[in-house]
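To find a chain, count down the sequence lines: A is the first, B the second, and so on, and within it residues start at 1.
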2 protein chains.
Amino acid sequence: MQMIRIIVVDRHELVALGIASRLADQPELEVVGHACSGVKLLERLRETQADLILIDVSLHEMDGIDTVRKLHRNYPGLKVLAHSALTEIEYVNSMLIEGASGYVLKDGPADELAHAVRTVMNGDTYISPHAQHSIANGYRFTEKRMGGEYVGLTKREREIIRMVALDRTNREIADALFITEETVKTHRKNLMTKLNVRGVAGLVKYAVDRCWV
Amino acid sequence: MQMIRIIVVDRHELVALGIASRLADQPELEVVGHACSGVKLLERLRETQADLILIDVSLHEMDGIDTVRKLHRNYPGLKVLAHSALTEIEYVNSMLIEGASGYVLKDGPADELAHAVRTVMNGDTYISPHAQHSIANGYRFTEKRMGGEYVGLTKREREIIRMVALDRTNREIADALFITEETVKTHRKNLMTKLNVRGVAGLVKYAVDRCWV
DNA sequence: TAAAAAATCCTCATTTGTGGGTATTGTGAA
DNA sequence: TTCACAATACCCACAAATGAGGATTTTTTA
């Protein structure tokens with residue numbers, strides 16, 4: 001029987017421990033490592049062999065979505081399964097489009113994870129019921145991007161949204177980045193359009209969810 | 001040797017599993033139960049005996065701070081140890097004032113948790129170094145409340161902050177609660193004063209951290 | 001290299017948010 | 001039964017954000 005080697009990427013080691021203990025009764029599944037961020041994962045992958053990466057969206061340094069993008073480019077054969085507490089369609093879509101083969105929610109039943117891992121290793125896709133529901137409901141505020149195409153943020157936009165979430169005013173952001181207030185306003189506008197939110201609250205929640213603050 | 005019975009309160013069962021597995025090599029510590037919310041904990045306590053509650057700040061239904069307040073009233077002999085990823089002084093202070101005997105951060109070293117549990121069961125207080133640093137630095141924006149007194153939010157204020165975090169406008173909140181827009185503004189103002197933040201971003205982060213959205 | 005994407009700056013009208021106040025109820029605790 | 005506080009409501013002045021236009025320059029990438 002072929003062992004399935006899993007690396008868990010989660011900002012809390014406790015979660016990795018919990019996963020390992022939950023998968024302990026699955027003889028063919030083995031957690032061979034843990035990384036607390038995307039950057040750490042890429043380092044670890046240079047020394048540790050793995051068949052599947054179980055990765056959260058919310059990570060420091062480089063979030064899960066960016067990490068999956070890189071994984072897909074550098075390790076095409078490696079299977080990726082997203083594992084998060086976030087049900088928002090934005091995250092589910094992004095993960096799948098970047099190359100994940102599934103999306104499992106953290107508060108699902110105890111046997112769901114093992115099932116998802118097997119499904120994915122079998123070449124199929126597994127998405128938790130709640131996450132599917134989220135996809136079915138579509139975007140919250142507009143009908144845009146219903147096709148599901150992923151709109152990534154630019155570097156500059158990430159800088160801006162991060163500072164917005166840190167409660168900085170446009171003036172402060174402008175000064176910090178050596179640009180005019182008008183430019184900051186434009187970026188905020190674009191951010192809100194891309195993320196389909198109406199105001200600051202949506203921007204802050206987005207940044208918090210992805211551990212950018 | 002007296003066994004120390006621990007109930008873990010965390011919105012993710014995986015974390016409880018992880019804690020149990022981390023404490024597995026501590027012969028006198030035993031995780032006897034898990035609850036995913038404050039409400040569930042109070043239910044469980046009616047049937048399960050415990051010596052110590054290990055509880056997170058971020059919980060659904062009733063957050064950790066409110067839960068500790070209730071615990072302290074209903075089970076005076078029960079020890080409570082806060083266990084969270086949040087380092088903000090606001091949360092540390094609140095937990096301690098409500099009756100917790102310590103505050104351990106989730107990303108601390110592997111042996112810190114067991115040490116903290118023993119310290120607390122010994123009648124002392126344990127606070128993670130980072131959290132102590134947070135206390136030492138005081139509040140972010142103003143010099144108010146430096147004494148550390150905890151300012152709780154009222155029911156109405158919680159309703160308001162929740163809706164603010166859900167990206168609702170003042171107009172919408174007013175309509176939903178059958179009050180005028182001016183009243184909503186007043187509540188927001190009071191909230192920002194109480195929480196020592198300057199704008200929406202702070203309010204949203206507060207609500208997100210405590211699982212109110 | 002030419003086209004596309006990103007970043008920059010601008011105006012103007014409108015809405016929302018912020019920071020000071022003040023005042024009237026109702027409720028619950030000392 | 002006071003007394004404090006929560007919740008409600010209103011006022012004003014000013015700052016900030018939003019929405020809808022347009023435009024230019026740099027950087028990337030196909």
Side-chain angles (χ1 to χ4, degrees), chain A residues 66 69-70 73 97 140-145 149-207, chain B residues 66 69-70 73 139-145 149-207:
Chain A
D66 291 338
R69 184 184 303 124
K70 278 215 165 62
R73 268 213 275 270
I97 287 162
R140 248 180 313 171
F141 297 113
T142 76
E143 295 306 308
K144 275 188 271 180
R145 302 196 299 143
E149 73 275 34
Y150 168 59
V151 179
L153 303 187
T154 69
K155 245 186 193 148
R156 201 51 150 180
E157 285 169 341
R158 291 180 196 211
E159 287 184 281
I160 306 273
I161 195 177
R162 222 181 135 266
M163 301 187 81
V164 170
L166 289 171
D167 220 346
R168 305 277 166 76
T169 64
N170 287 340
R171 181 74 260 136
E172 288 171 337
I173 298 174
D175 289 345
L177 301 180
F178 303 106
I179 56 180
T180 67
E181 213 174 322
E182 301 309 316
T183 308
V184 179
K185 283 186 182 181
T186 304
H187 283 303
R188 289 179 74 127
K189 220 188 328 181
N190 295 337
L191 279 165
M192 289 195 289
T193 306
K194 280 191 179 179
L195 302 179
N196 280 287
V197 296
R198 307 183 306 171
V200 228
L203 297 181
V204 176
K205 209 172 134 10
Y206 185 92
Chain B
D66 290 339
R69 184 183 303 125
K70 277 218 165 60
R73 267 213 277 272
Y139 284 99
R140 248 181 312 173
F141 298 112
T142 76
E143 294 307 308
K144 275 188 273 181
R145 302 196 300 143
E149 73 273 36
Y150 168 59
V151 179
L153 303 187
T154 68
K155 244 186 191 150
R156 201 51 151 182
E157 284 168 340
R158 291 181 195 210
E159 285 183 282
I160 306 275
I161 196 177
R162 224 183 132 261
M163 300 186 82
V164 170
L166 288 171
D167 219 346
R168 305 277 166 77
T169 64
N170 287 338
R171 182 72 263 135
E172 288 171 337
I173 298 174
D175 289 345
L177 301 179
F178 304 106
I179 55 180
T180 68
E181 212 175 323
E182 298 308 318
T183 307
V184 178
K185 283 187 179 182
T186 304
H187 282 303
R188 290 179 73 127
K189 233 183 321 184
N190 295 338
L191 279 166
M192 289 195 289
T193 306
K194 280 190 180 179
L195 303 179
N196 280 287
V197 296
R198 307 185 307 171
V200 226
L203 297 181
V204 176
K205 209 172 134 9
Y206 185 92

Let me know the distance between NZ of B:K155 and C1' of D:dT8, rounded to the nearest Å. 17 Å
In Å and rounded to the nearest 0.5 Å, what is the CD to NZ distance from A:E182 to A:K185? 4.5 Å
Would you call A:E159 and A:R162 a salt bridge, taking side-chain N to carboxylate O under 4.0 Å as the test? no
Once you round to the nearest 0.5 Å, how far does OG1 of B:T186 lie from CD1 of B:I179? 9.0 Å
If you define the side chain from C-beta out and look only at heavy atoms, does anything of B:T183 sit under 4.5 Å from B:L177? no
Spacing of A:M192 atom CE relative to C:dT15 atom P, expressed in whole Å: 16 Å
Euclidean distance, atom CG of residue A:N190 to atom C1' of D:dA17 [Å, nearest integer]: 15 Å
Expected output is a numbered-order residue list: members of residues 171-189 of chain B with a heavy atom under 4.0 Å from any atom of DNA chain D. What is it? B:I179, B:T180, B:E182, B:T183, B:T186, B:H187
Using atom CG of B:N170 as one end and atom C1' of D:dA9 as the other, report the distance to the nearest whole Å. 14 Å
Whole-Å gap separating P (C:dA7) and CD1 (A:I161): 14 Å
Between A:D66 and A:R158, is there a side-chain heavy-atom distance shorter than 4.5 Å? yes
Hey, what do you get for OG1 (B:T169) to CG (B:D175), rounding to the nearest 0.5 Å? 8.0 Å
Value in whole Å for how far the P atom of C:dG17 lies from CG of A:D167: 14 Å
Measuring to OP1 and OP2 of D:dT18, would you say a side-chain N or O of A:R198 lies under 4.0 angstrom away? no
How many whole angstroms separate atom CZ of A:R156 from atom P of D:dT25? 19 Å
Short side-chain N/O contact to C:dT15 OP1/OP2 from B:T169, under 4.0 Å: no
